[in-house]
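Below you'll find the structure, written out as structure tokens, and then a few comments.
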Amino acid sequence: MEQFVIKGGRPLVGTVEIGGAKNAALAILAASLMTSETISIDNLPNVTDINALLEAIERIGGHVEHTGPHSVKLNCAHIDSFNIDCDCIRKIRASYYLLGALLGRYKRATVPLPGGCNIGNRPIDLHLKGFRSLGAKIDISHGMIVADSEELTGAHIYLDSVSVGATINIMMAASMAKGNTVIENAAKEPHVVDTANFLNSMGASIKGAGTDVIRIKGVEKLHGTEYTIIPDQIEAGTFMLAAAATKGDITVKNVIPKHLESISAKLIEMGCQVHESDDAVRVVATRRLQNTHVKTLPYPGYPTDMQPQITVALGLASGISIVTESIFESRFKYVDELTRMGASIKVEGSTAIIEGVERYTGATVSAPDLRAGAALVIAALTAEGYSTVEDIKYIERGYEDVEVKLRELGAVIEKVEEEKDIQKFKLKHA
Ligand code: UD1
């Protein structure tokens with residue numbers, strides 16, 4: 001089993017190029033199914049969740065051509081099945097986007113109930129409520145969601161809570177429904193806006209993405225397009241927190257600084273310097289971090305996908321910090337692992353009370369999910385001595401070449417498979 005072995009204690013210094021947004025790419029690839037014409041996509045991250053979705057698209061008859069390390073051409077003129085049931089798709093949460101895309105174009109789809117990271121109860125009732133409002137009949141049987149309709153008709157849909165997935169899914173299906181749809185209490189995340197921009201470039205008529213009311217005028221047909229995916233807000237944020245935690249100096253390049261404002265604001269409260277330019281943000285941490293309080297919220301609030309990373313950094317800050325998770329209830333599972341590295345954190349329900357320690361010490365820990373896995377890597381990079389992070393398959397779902405990028409910033413990290421490789425690493429870096 002692959003794992004990261006890390007010798008901690010070095011500040012990370014340098015520049016890192018951020019890739020395309022995984023969560024935007026998942027929605028955009030699914031939406032590419034909605035036309036028979038060719039779609040070219042650029043700035044696609046090469047991570048396992050994306051590759052799983054591409055495999056699922058190929059299995060139902062889509063043609064995928066990799067035109068570069070981060071670009072694909074997709075042609076979905078010959079979709080021959082509306083029933084997607086393969087291991088590749090069961091693993092990823094975003095499989096639900098195939099439902100909205102196929103329902104929009106073909107008015108029917110059968111997709112497994114979604115998998116994904118184990119970070120709490122993750123219902124999809126709001127997605128289904130939206131599809132039903134558009135006139136689809138939805139059945140759940142044998143672990144599959146079966147959606148079917150004669151015709152989709154625009155509707156006024158109020159989302160009871162802010163959901164990124166439901167907003168995007170309803171937006172996709174409604175783009176090819178008859179008449180107008182209004183989504184109220186819509187999510188405003190950058191990837192909602194990016195997916196709307198992509199659909200509009202295919203000929204859809206979506207207005208208001210990025211606000212809490214989205215208006216969609218259904219069109220009969222969507223066409224081919226060329227599109228570049230936005231930079232990944234969470235990958236960028238993860239490196240920003242790595243700079244803070246290791247007392248380093250990292251410039252994250254190829255980013256949209258506006259998307260990082262909630263993270264920058266917290267880093268400034270923690271005593272870091274944050275310098276923004278057009279497409280880059282530099283984070284400099286010269287002394288011990290200060291405590292602060294954080295509550296995760298829908299965009300433009302502080303992202304839940306950045307909660308474990310800031311908790312790890314606050315675990316090293318002076319004073320008591322409080323982190324409140326308001327999106328996913330089981331998102332503190334990694335705290336037990338962090339405790340093994342010397343953190344002093346008490347979790348009570350959706351709140352973590354953090355008493356900052358001077359330093360972490362190296363240990364063997366296991367990544368419980370994608371973002372917590374990245375946070376444990378940050379902890380290991382700060383820790384005294386050697387650490388091993390196991391179950392890195394979770395991390396590789398959403399971070400491309402993370403160990404390569406970290407090495408370029410001066411980290412001592414290697415991906416290894418066997419115990420003997422860990423021993424070799426320790427000898428080499430004694
Ligand atoms: C997406 C992201 C994930 C991120 C999350 C919140 C993708 C593939 N994943 O997940 O990385 O952590 O947004 O920013 O883009 N909810 C319901 N019913 C529903 C749907 C959601 O009650 O039908 C609740 C969820 O339990 C959660 C909240 O709404 O408490 C937000 O979830 P949502 O925004 O839908 O997250 P995802 O789209 O699954």
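The residues of the chain are indexed from 1 along the displayed sequence. Whatever order the structure lists ligands and atoms in, that order sets their numbers, starting from 1.
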Item to complete: With heavy atoms under 4.0 Å as the rule, classify the contact between His191 and ligand 1 as side chain, backbone, both or neither.
Response: side chain

Fill in: Closest candidate by heavy atom, reference atom 11 (O) of ligand 1, pool Asp305, Asp369, Leu53, Ile234
Asp305

Discussion item. Taking 4.0 Å as the limit for heavy-atom contacts, which would you say applies to Leu128 with ligand 1: side chain only, backbone only, both, or neither?
Written reply: neither

Item to complete: For atom 27 (C) of ligand 1, state which one of Ile327, Val192, Asn169 supplies the nearest heavy atom.
Response: Ile327

Worksheet item: Taking both backbone and side-chain atoms of Ala94, is any N or O found less than 3.5 Å from an N or O belonging to ligand 1?
Response: no

Fill in: Gln309 and Thr238 side chains, donor-acceptor separation under 3.5 Å
yes

Worksheet entry | Close N or O approach (Leu26, ligand 1; < 3.5 Å) | no

Worksheet item: Do Ser366 and Asp391 get their side chains close enough for a donor-acceptor pair, meaning under 3.5 Å?
Response: yes

Discussion item. Does this structure show an ion pair linking Glu150 with Arg108, if we count only N-O contacts that are shorter than 4.0 Å?
Written reply: no

Item to complete: May I ask whether Arg371 has any heavy atom positioned less than 4.0 angstrom from an atom of ligand 1?
Response: no

Worksheet, complete the sentence: Checking heavy-atom distances from atom 20 (C) of ligand 1 to each of Gly165, Ala166, Pro123, the winner is Pro123

Discussion item. Which of the numbered atoms in ligand 1 are under 4.0 angstrom from any heavy atom belonging to Arg93?
Written reply: 39 (O)

Discussion item. Applying the side chain to side chain donor-acceptor pair (under 3.5 Å) criterion to Arg331, which one of Thr304, Asp369, Thr311 satisfies it?
Written reply: Thr304

Worksheet item: Taking heavy atoms and a distance under 4.0 Å, where does Phe328 meet ligand 1: side chain, backbone, both or neither?
Response: side chain

Worksheet item: In terms of side-chain heavy atoms, does Thr296 have a donor or acceptor partner in Glu325 at a distance below 3.5 Å?
Response: yes

Worksheet item: Is it true that Lys22 and Asp49 make a salt bridge, defined as a side-chain N closer than 4.0 Å to a carboxylate O?
Response: yes

Practice prompt. Would you kindly say whether His127 and Asn169 are connected by a side-chain donor-acceptor distance under 3.5 Å?
Written response: yes

Item to complete: Give a yes-or-no answer on whether the side chains of Arg340 and Tyr360 include a donor-acceptor pair shorter than 3.5 Å.
Response: no

Worksheet, complete the sentence: A student checking ligand 1 against Arg331 at a 4.0 Å heavy-atom cut-off should list atoms 12 (O)

Item to complete: Could you tell me whether the side chains of Tyr227 and Ser40 share a donor-acceptor contact shorter than 3.5 Å?
Response: no

Worksheet entry | Contacting atoms of ligand 1, where contact means under 4.0 angstrom from a heavy atom of Thr304 | 6 (C), 12 (O), 14 (O)

Worksheet item: Can a non-hydrogen atom of Tyr96 be found less than 4.0 Å from any atom of ligand 1?
Response: yes

